[in-house]
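See structure below.
Since this is a predicted model, take the numbers as computed values, not measurements. Proteins get letters first, then strands, A, B, ... in listed order; numbering begins at 1 in each.
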Amino acid sequence: MIPSLRLDPRAKLVIVICISTLAVFLEKLSFMLALLVATLLVAWLFQLHSSRSIGRIKKVLSVIIFIAMLQSLFTNAGTPLLSIGHITIISTYGLQRGVGVLLRISIIVLSAALLTTSSSRDIVQGLIQWKMPYELAFMVSIGIRFLPLLAEEIQDTFVALQLRGVELKKIPMKRKIKTYSYLLMPMVSSVLIKGRELSMAMELRAFRAYPERSSLRTLKMKHMDYAFILLSLSLTSAVFYIYMHY
Amino acid sequence: MTNHLEISHLWFRHQAASDYILKDISLTIGRGEVIALVGLSGCGKSTLCYCIAGIIPRIYPGELKGEILLEGKPITEMTLPQVACRLGFVFQNPDNQLFSPTVEDEIAFGPENLCLPQPEIEKRVVESLSMVGMLQHRYKNPHHLSGGQKQLIALAAVLALNPEILIFDEALSQLDSRGKAMIQQQIRDLKSKGKTIIMIEHDLNNIVLADRVLHLKQGALIAYSGSF
Amino acid sequence: MFIHVSEVSFGYKKGEEILKAISLTLRQNQFTVIRGDNGSGKTTLGKLLVGILKPDSGSIFIDGRKTSQMSLGEIGKQIGYLFQEPERQIFTSTVGEELSLSLELNNEKDSSQQDRVTELLELFQLLPLINQFPFFLSRGEKQRLAMASILVNQPKFLVLDEPTTGLDQVRRRVLSELLLAQRAKGVGMAVITHDEEFINRLADRIIVLEGGVIKSDTFTKA
């Protein structure tokens, strides 16, 4: 085993894009299972702590079960496994689809976690060195950075609204929706304030002074990075070829 | 001593407001002067500083009359990045001015925008972090630091651009006494290097550092009488 | 009315306890100040008191009732909580509507309550601002608005997180007058702050947190 493999963020990006493209296109369960094994192998290779990813997958599990039920309810394919009267709750087809969605999401979440092993600044730098306009790269990365902070604020706001004496469980649906609509105002104002203060801070530190910018760190691709990019691209093409022809 | 900053007959009204918040302000600040700006909250201290930095009317819309000359040039004819090379601004809320994954990246952001060569960026990162005593936190995530430490990082990030004028918008409010002493020493050092400093202050203890205290009241500058 | 905290521990991450088995009782007839350095767990304790956060172990009782068995709505009718950032608790498009919001949400619109709203608008110097858009108010004004809106529900206890941040001396004095007036009406207070002047002026009892435990608990006035 290679002790803590260090790759250029761009090489990681290629690996993630390859894996998630496959996860989206492959339909057969056997292929998806194989892909999941491959993804786990990659995760092990990069010494990823998969526990957090698994936690995330658990959160969406109920949604997946719901999807499986919907598929069973509205399609007549497959053999019913559980039914009440004439209504099929779970069929083999629905189960199959549900497992498919579960595998797909697990693969994408696991592979995306690979990117968390690089600093976001390095990923931005990689994209810039690959000729992405730096404004765009920074905006996207800062946007992603502020999402969790925003989520925390919205949660606080929701609590504050309930503390005004609203017992959400006891009020009828129509008033519940009206109550929720009150969250809009603090949410919008918070996004506006954040956006404005951030752009002030960035521009007054000379952001967009020139069409180009230099960098404290420059990324340099090594042989190992090229090897991994080549390997993932050729493996992905090979899998597609096999999948289409057999 | 040449005039570093000249404001003449400045009026400003926010887009939604009915009355002017700044009324006919004229002010001249010489190179190397330390100015404290005091007044009740909402009296327009921040607004005045936003005008000086060109943030108004670019980011906050409203009606602006009068002229502001920074090193002899009208601020309206400069872009914000051009202003940034001459003037550094440390804002009130540190959370919304730090946006990088590490302290080092945060400090390097400005010099990188100026397209400085890598060794120069490295030098400025080390220098500015040492000035605020935060060099040992170089590889940390700024969001994991305390409020006061965040303010020090925000200051270092501005110092890395080596500006001639510094504006502190209540930037010492969250510091503990050690941090405050360090910044006060820093202000003295910057002054001895000939930098011009404008501080918006609530804390009367910090006013002793100033050569001149300006009191903003009802949109006009009045003589400071020891309290407000 | 009292809040009793019993052996409460809390951490945002597993294995990282912010508060370690804290026990204390807050009474309505005291003006309690909770202080401590950044990261000592002050804000966390405040959020636990009103049920925004749930303790990992231990329990909190309001008048003998476990908060874990109360809805946030029920707690809100007993305790008012002021966030460090007043923007987080302002919901409507005018100052006037903001104060009537609690009544609107709870379908209570009789005249005595309308009178209370008018009284609070006056007390908190908000009458001239009644038709203003809260987003454009200054920080001090937003804070007075948030506090007045909380008091519409007539809570018996207030928990305030750093209420003097961003206020100048005059506004601080106004705030302490308002708090003293509420206190005189029998509203209990727990204020999280490190503002020395404010503490000296108002506190009957000072609780110092350090590293997640109560370092000292002293009564300043008899």
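Remark: A:Phe240 CZ is packed, more than 12 non-hydrogen atoms of other residues, nucleotides or ligands lying under 6.0 Å away. Heavy-atom neighbours of A:Lys222 NZ from other residues, nucleotides or ligands within 6.0 Å: at or below the threshold of 12. Counting non-hydrogen atoms of neighbouring residues, nucleotides and ligands closer than 6.0 angstrom, the CD atom of B:Gln185 exceeds 12 such neighbours. Residue-environment remark: NZ (B:Lys123) stays at or below the threshold of 12 foreign heavy atoms within 6.0 Å.
Residue A:Leu204 comes nearest to B:Leu161 through the heavy atom pair O-CD1, 4.0 Å, listed as atom of the first residue, atom of the second, then distance. The two residues B:Leu114 and A:Ala206 come nearest to each other via the heavy atoms CD2-CB, 3.7 Å.
The greatest number of non-hydrogen atom pairs below 4.5 Å with chain A, out of B:Glu120, B:Gln82, B:Glu106, B:Arg58, is found for B:Glu106. Ranking A:Arg196, A:Arg213, A:Glu212, A:Met202 against chain B, the residue ahead of the rest is A:Arg213, based on heavy-atom pairs under 4.5 Å. Between chain A and the residues B:Leu116, B:Val83, B:Val125, the largest count of heavy-atom pairs under 4.5 Å involves B:Leu116. Looking only at heavy-atom pairs under 4.5 Å with chain A, the residue among B:Thr102, B:Leu80, B:Asn96, B:Val158 that has the most is B:Asn96.
Applying the ring pair (Phe, Tyr, Trp, His ring centres under 6.0 Å) test to every pair with at least one member in residues 176-200 of chain A, sequence neighbours left out, gives these pairs: A:Phe158-A:Tyr180. For residues 108-151 of chain B, the ring pair (Phe, Tyr, Trp, His ring centres under 6.0 Å) pairs, not counting sequence neighbours, are A:Phe138-B:Phe109, A:Phe207-B:Phe109, B:Phe99-B:Phe109.
Ion pair A:Arg121/B:Glu112 flagged as a salt bridge, since at least one NZ, NE, NH1 or NH2 atom sits closer than 4.0 Å to an Asp/Glu carboxylate oxygen.
From A:Glu197, atom CD reaches atom CG of B:Asn93 across 5.5 Å, with rounding to the nearest 0.5 Å.
For the pair B:Asp105 and A:Ser120, the minimum side-chain heavy-atom distance is 4.5 Å or more.
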Discussion item. Applying side chain to side chain contact (heavy atoms under 4.5 Å, CB included) to A:Glu203 and B:Phe89, what does each step give before you reach the verdict?
Written reply: CA-CA 11 Å; A:Glu203 292 204 37; B:Phe89 205 122; over 6 Å; no

Practice prompt. Check the pair B:Gln97 / A:Leu198 against side chain to side chain contact (heavy atoms under 4.5 Å, CB included), numbers first and verdict last.
Written response: CA-CA 6 Å; B:Gln97 53 184 319; A:Leu198 264 177; over 6 Å; no

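Taking 4.5 Å as the heavy-atom cut-off, the residues of residues 214-221 of chain A that approach chain B are A:Ser214, A:Ser215, A:Leu216, A:Arg217, ordered by number.
Of the atoms belonging to B:Ala157, heavy atoms from both backbone and side chain fall under 4.5 Å from chain A. There is no contact between B:Pro119 and chain A, counting heavy-atom distances below 4.5 Å. For a residue to count as touching a neighbouring chain, one of its non-hydrogen atoms must lie under 4.5 Å from one of that chain's; by this rule B:Ser100 touches chain A with the backbone only. Using a 4.5 Å cut-off between heavy atoms, B:Ile59 touches chain A through backbone and side chain atoms alike.
A:Ser190 pairs by the side chain to side chain donor-acceptor pair (under 3.5 Å) definition with A:Glu153, not counting sequence neighbours.
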